[in-house]
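Input: a single structure, listed below in structure tokens.
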Amino acid sequence: MKSLKLWILLFTLGATLNAAGLSLSGSVFSDNQKIITSRNMGFVTQVNVSEGSRVRTGDLLYTIDSQEIDSSKAQIESAISQAQLSHQMYQNQYQNVTINLERNKRLLEQDMVSRYEVENLELARTNLLNSMSIAKYQVEQAKARLKEVNNQYRYLRIVAPNNGVIISKSIKVGEMAMPGMPTMVLADLSDLKINVDVAESNLKLTTIGKKVKVSIPSVGYVGSGTITSVIPNSNPMTHTFKVKISFKTRQSVYPGMYALVEI
């Protein structure tokens, strides 16, 4: 009876200890899996991929409408035009006041105008010079904001950060993309690992860096792998630990495939 219970437990864990060592069953996963989100809010206008699509770095995944950014850009461009117009107006006034000031200085030498008039013109020129500086600063600030807004357009085109395959997609044309909300999951097929559960009693066999035998029956792959990490969080129900094993293959292996590991 005890032997039967032990056999059932080992079968549940997918692990059997034989003369050759420990045999474990697990699954393939991507250790470089990215959740794709958008930075801006807007309606999705185009979706170029579906679940299972292979993509390369820089490939366009989907696009978001630019209505909000277009509105901000129009307001800033209007502010730039107004600031430039004000600067030109102050500049013209400054030139006129400067001409009048020079003429009145000559007239003052001939006692044909009062010093008060000359001083008023000097004050007006100083004020206009300050107004020109303020208007110029406003133009520069508005242009800086315009540059920031123009940079936001590139965030409306969501592209693949690396090569991989789309394993999940939750966005459609016409739906609202929200900042930070997951829209797709991209799995990097060049960084695949195998995840297995190891009983606490067998944990001593899974030292980091240890070479193990790896096989993926569905594609006929048999090779070697290396234990890269042992997750130190015991499952309180089964007292098992997660162990990650890296391996290399040129065969078509995908996340989720069944794998066998012999330690």
Side-chain angles (χ1 to χ4, degrees), residues 34-49 53 55-108 113-162 166 169-186:
K34 292 184 174 68
I35 297 176
I36 308 299
T37 63
S38 58
R39 180 170 176 174
N40 296 81
M41 182 177 67
F43 288 102
V44 176
T45 57
Q46 181 182 2
V47 178
N48 292 343
V49 296
S53 296
V55 297
R56 299 187 65 82
T57 303
D59 283 353
L60 182 63
L61 302 179
Y62 64 95
T63 59
I64 301 173
D65 77 273
S66 59
Q67 187 174 353
E68 256 188 61
I69 298 179
D70 289 341
S71 177
S72 298
K73 182 179 180 180
Q75 292 177 2
I76 294 173
E77 287 177 339
S78 176
I80 290 175
S81 297
Q82 292 177 2
Q84 288 175 331
L85 184 63
S86 296
H87 182 269
Q88 186 62 50
M89 180 185 68
Y90 291 137
Q91 191 173 40
N92 293 338
Q93 292 176 357
Y94 177 83
Q95 292 173 350
N96 291 335
V97 168
T98 299
I99 292 172
N100 289 333
L101 177 61
E102 295 302 321
R103 184 176 66 248
N104 276 267
K105 282 182 177 180
R106 292 193 296 271
L107 294 174
L108 178 62
V113 296
S114 65
R115 180 168 294 280
Y116 176 77
E117 291 178 272
V118 173
E119 290 175 349
N120 278 344
L121 287 171
E122 288 177 337
L123 179 60
R125 186 174 71 168
T126 300
N127 290 338
L128 286 169
L129 188 62
N130 291 334
S131 296
M132 286 169 56
S133 298
I134 293 172
K136 184 178 180 181
Y137 176 76
Q138 290 174 338
V139 171
E140 293 173 349
Q141 288 294 99
K143 284 184 176 180
R145 291 199 302 273
L146 180 61
K147 185 177 180 180
E148 292 176 359
V149 169
N150 285 332
N151 284 337
Q152 291 181 21
Y153 278 104
R154 64 191 181 100
Y155 296 115
L156 300 179
R157 293 171 52 84
I158 314 303
V159 299
N162 53 261
I166 302 297
K169 180 179 75 70
S170 59
I171 197 74
K172 298 177 182 178
V173 173
E175 292 182 341
M176 178 70 75
M178 302 297 292
M181 291 297 293
T183 57
M184 298 179 184
V185 177
L186 175 65

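Using a 4.5 Å heavy-atom threshold, the side chains of Asn40 and Glu68 count as separate. By the 4.5 Å heavy-atom criterion applied to side chains, Leu61 and Val55 are counted as neighbours.
Applying the side-chain hydrogen bond (donor to acceptor under 3.5 Å, both in side chains) test to residues at least two apart or on different chains, the pairs with a partner in residues 83-97 are Gln88-Asn92.
When the side-chain hydrogen bond (donor to acceptor under 3.5 Å, both in side chains) test is applied to Gln46, the partners found at least two apart in sequence or on another chain are Asn48. In this view, Thr45 and Thr63, Asp65 satisfy the side-chain contact (heavy atoms from CB on, under 4.5 Å) rule, not counting sequence neighbours. Qualifying side-chain contact (heavy atoms from CB on, under 4.5 Å) partners for Val113, counting only residues two or more places apart in sequence or in other chains: Asn104, Leu107, Leu108, Glu117, Val118. Every residue two or more places apart in sequence or in another chain was checked for a side-chain hydrogen bond (donor to acceptor under 3.5 Å, both in side chains) with Arg157, and none qualifies. Not a single side-chain hydrogen bond (donor to acceptor under 3.5 Å, both in side chains) links Lys105 to another residue, sequence neighbours left out. Residues satisfying the side-chain contact (heavy atoms from CB on, under 4.5 Å) test with Pro182, not counting sequence neighbours, are Ile35. In this view, Thr183 and Tyr62 satisfy the side-chain hydrogen bond (donor to acceptor under 3.5 Å, both in side chains) rule, not counting sequence neighbours. With sequence neighbours left out, Met181 forms a side-chain contact (heavy atoms from CB on, under 4.5 Å) with Met178.
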Which donor-acceptor pairs under 3.5 Å do the side chains of residues 119-127 make with protein atoms, sequence neighbours left out?
residue : atom : partner : partner atom : Å
Asn120  : ND2  : Tyr116  : OH           : 3.4
Thr126  : OG1  : Glu122  : O            : 3.0
Asn127  : ND2  : Leu123  : O            : 3.4

Please tabulate, for side-chain N and O atoms in residues 136-152, each donor-acceptor pair with protein atoms closer than 3.5 Å (sequence neighbours left out).
residue : atom : partner : partner atom : Å
Asn150  : ND2  : Leu146  : O            : 3.3
Asn151  : ND2  : Lys147  : O            : 3.3

